[in-house]
Amino acid sequence: MTALVLIEIENGKVRQASRSAIAAASRFGEVDALLLGNTGAEAASTLAGVRKVLHVPTLTHALAEPTAALLATLAPSYSHILAASSSSGKNILPRLAGLLDVQPISDVVKIEDESTFIRPIYAGNALATVQSSDNIKILTIRSSSFDPVAESGGNASLEVLDAPADDGKSRFVKLEQSQSDRPELEVARVVISGGKGLKDASNFHNLLEPIADKLGAAIGASRAAVDSGFAPNEMQVGQTGKVVAPELYIATGLSGAIQHLAGMKDSRVIVAINIDPEAPIFKVADYGMVGDLFEILPALTKAL
Ligand code: FAD
């Protein structure tokens with residue numbers, strides 16, 4: 001069996017989520033990587049555990065329609081096709097599954113064997129064991145559940161492929177990307193999140209950023225905080241946001257709604273700061289501080 005992993009590049013490096021997908025794919029046998037766009041070839045070819053990099057330099061921006069069409073032409077050579085459970089992976093792989101008429105299996109957190117996979121359902125409140133009888137298995141992988149392969153140490157061969165003919169169904173317009181020196185939210189070792197209790201965007205900036213700087217943490221947010229304009233969409237943690245499992249998750253001024261817990265309850269240590277001792281977040285917290293975040297956060301930052 002050979003698996004193909006669609007990898008994503010950020011700032012010339014292979015995203016950690018893609019390296020986790022490669023680690024998952026190595027459970028099936030040999031692993032090839034599909035790289036799109038004109039950067040990242042060197043980074044991809046040194047990835048540990050990759051046999052061959054299929055590089056399509058002219059297919060830029062990973063538009064879902066041509067990428068799925070390309071993957072469909074490559075699919076007969078592979079037993080499994082994987083991508084990270086990212087916006088891009090979840091945009092492309094279901095289309096590929098549609099083209100191949102197979103059932104995609106999303107958010108895989110554990111691989112039992114080559115056709116049996118475990119994935120969360122009901123906002124993470126239950127785990128389903130899914131067995132697939134399809135000839136080609138199409139999987140998206142939760143990065144927090146698989147340790148990533150190393151960025152170096154590999155020596156994959158490089159094969160350059162042509163992009164498929166443009167079907168004219170979609171075109172790239174522009175990319176709006178926020179720049180940040182902080183770690184990626186989904187793979188950060190420490191995450192500090194703010195909720196509606198932060199009261200406005202300036203408090204995210206003035207209270208969360210200094211402590212995140214001290215801890216080398218990524219900043220997350222509840223959906224209520226995002227909907228209120230306190231934080232950008234890409235910071236949302238939860239069922240309809242990002243799923244994180246850091247070593248330390250600090251939840252400040254957020255109540256701990258079930259949809260938020262779905263995105264962070266697998267964190268190793270959870271610290272909750274909330275003024276309401278009855279807030280549901282305390283049920284999942286390892287450490288709780290009952291009090292006003294406007295007093296606790298500056299004191300904590302100073303102490304750190
Ligand atoms: P609130 O519930 O309003 O809680 C604010 C908290 O701040 C309270 O507990 C309060 O005691 C505390 N607080 C207030 N002032 C202070 C202070 N001075 N000091 C300390 N604490 C203070 N939510 C998500 O987060 N992520 C998702 O992905 C998500 N997906 C959803 C999907 C669906 C289909 C639905 C229906 C909902 C989803 N939600 C999601 C929304 C979720 O149900 C909650 O509404 C949301 O998580 C609440 O956000 P919050 O905890 O910030 O706000």
Side-chain angles (χ1 to χ4, degrees), residues 1-57 59-62 67 71 74 78 80-90 92-93 107-111 139-161 175 177-191 212 215-220 234 242-248 266-268:
M1 286 186 294
T2 309
L4 178 65
V5 180
L6 173 64
I7 58 172
E8 294 170 46
I9 299 290
E10 198 168 84
N11 301 325
K13 292 172 128 190
V14 179
R15 287 193 64 209
Q16 189 166 326
S18 298
R19 292 191 284 118
S20 293
I22 290 171
S26 65
R27 297 282 309 275
F28 307 123
E30 292 192 296
V31 181
D32 291 349
L34 176 63
L35 167 69
L36 310 177
N38 45 22
T39 60
E42 200 182 320
S45 58
T46 58
L47 281 174
V50 174
R51 178 185 70 162
K52 181 164 66 172
V53 175
L54 304 176
H55 185 197
V56 193
L59 188 50
T60 48
H61 309 302
T67 306
L71 279 164
L74 301 171
Y78 294 97
H80 298 76
I81 297 181
L82 298 86
S85 276
S86 58
S87 322
S88 177
K90 287 180 167 181
I92 294 165
L93 289 209
D107 285 324
V108 171
V109 293
K110 197 167 174 213
I111 294 167
L139 314 171
T140 61
I141 299 294
R142 277 238 177 133
S143 54
S144 53
S145 302
F146 295 87
D147 287 337
V149 297
E151 284 176 293
S152 59
N155 187 18
S157 61
L158 203 63
E159 189 181 330
V160 176
L161 303 178
L175 173 69
Q177 201 172 26
S178 51
Q179 293 299 330
S180 169
D181 294 334
R182 295 189 193 289
E184 266 184 72
L185 183 56
E186 286 142 302
V187 293
R189 283 180 55 249
V190 181
V191 173
L215 294 169
I219 298 181
E234 69 260 20
K242 289 181 176 161
V243 177
V244 302
E247 286 172 27
L248 173 63
D266 291 331
S267 306
R268 191 168 302 165

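Just so you know, these numbers come straight off a predicted model, no measurement behind them. FYI, the numbering just counts along the sequence from 1.
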- Could you please spell out the steps behind the side-chain contact (heavy atoms from CB on, under 4.5 Å) verdict for L47 and V31? CA-CA 11 Å; L47 281 174; V31 181; over 6 Å; no
Side chains of D107 and K90: closer than 4.5 Å at any heavy-atom pair?
-> yes
CD1 (I9) and CG (N38) are apart, to the nearest 0.5 Å, by 11.0 Å
Nearest heavy-atom contact between G12 and A43 is O-CB, 3.4 Å
Rounded to the nearest 0.5 Å, the OG1 atom of T140 sits from the CD1 atom of I92 at a distance of 11.5 Å
Of L6, L34, D32, the one forming a side-chain contact (heavy atoms from CB on, under 4.5 Å) with L74 is L34
From the list S85, S145, S143, side-chain contact (heavy atoms from CB on, under 4.5 Å) partner of S20 resolves to S143
Between L139 and F28 the two heavy atoms that sit nearest each other are CD1-CZ, 3.8 Å
Taken in chain and number order and not counting sequence neighbours, the residues that satisfy salt bridge (charged side-chain N to carboxylate O under 4.0 Å, His left out) with R19 are none
CD of E42 to CG of L35, rounded to nearest 0.5 Å, is 12.0 Å
| Is any side-chain heavy atom of L93 closer than 4.5 Å to a side-chain heavy atom of L71? | yes
Rounded to the nearest 0.5 angstrom, the CG-CG distance for L161 and L54 is 5.0 Å
Report task. Count the heavy atoms of every other residue, nucleotide or ligand shown that sit under 6.0 Å from CZ of R182, and state whether that count exceeds 12. Result -> yes
Smallest heavy-atom separation, P57 atom then V160 atom, equals CD-CG1, 3.8 Å
For D266 and A245, the nearest pair of non-hydrogen atoms, with its separation, is O-CB, 3.9 Å
Value for CZ (R51) from OG (S26), rounded to nearest 0.5 Å, stands at 14.0 Å
In short, L36 meets L59 closest at the heavy-atom pair CB-O, 3.4 Å
Output for pair (F146 CZ, K110 NZ), nearest 0.5 Å, gives 9.5 Å
Residues pairing under side chain to side chain donor-acceptor pair (under 3.5 Å) where one sits in residues 148-160, two or more places apart or in two chains, turn out to be K52-E159
Applied to residues 2-17, the side chain to side chain donor-acceptor pair (under 3.5 Å) test, sequence neighbours excluded, yields E8-R15, E8-S86, R15-E184, R15-E186
- Is a side-chain N or O of R27 found less than 3.5 angstrom from the main chain of I111, in a donor-acceptor match? yes
Residues V5 and S18: closest non-hydrogen pair is CG1-O, 4.3 Å
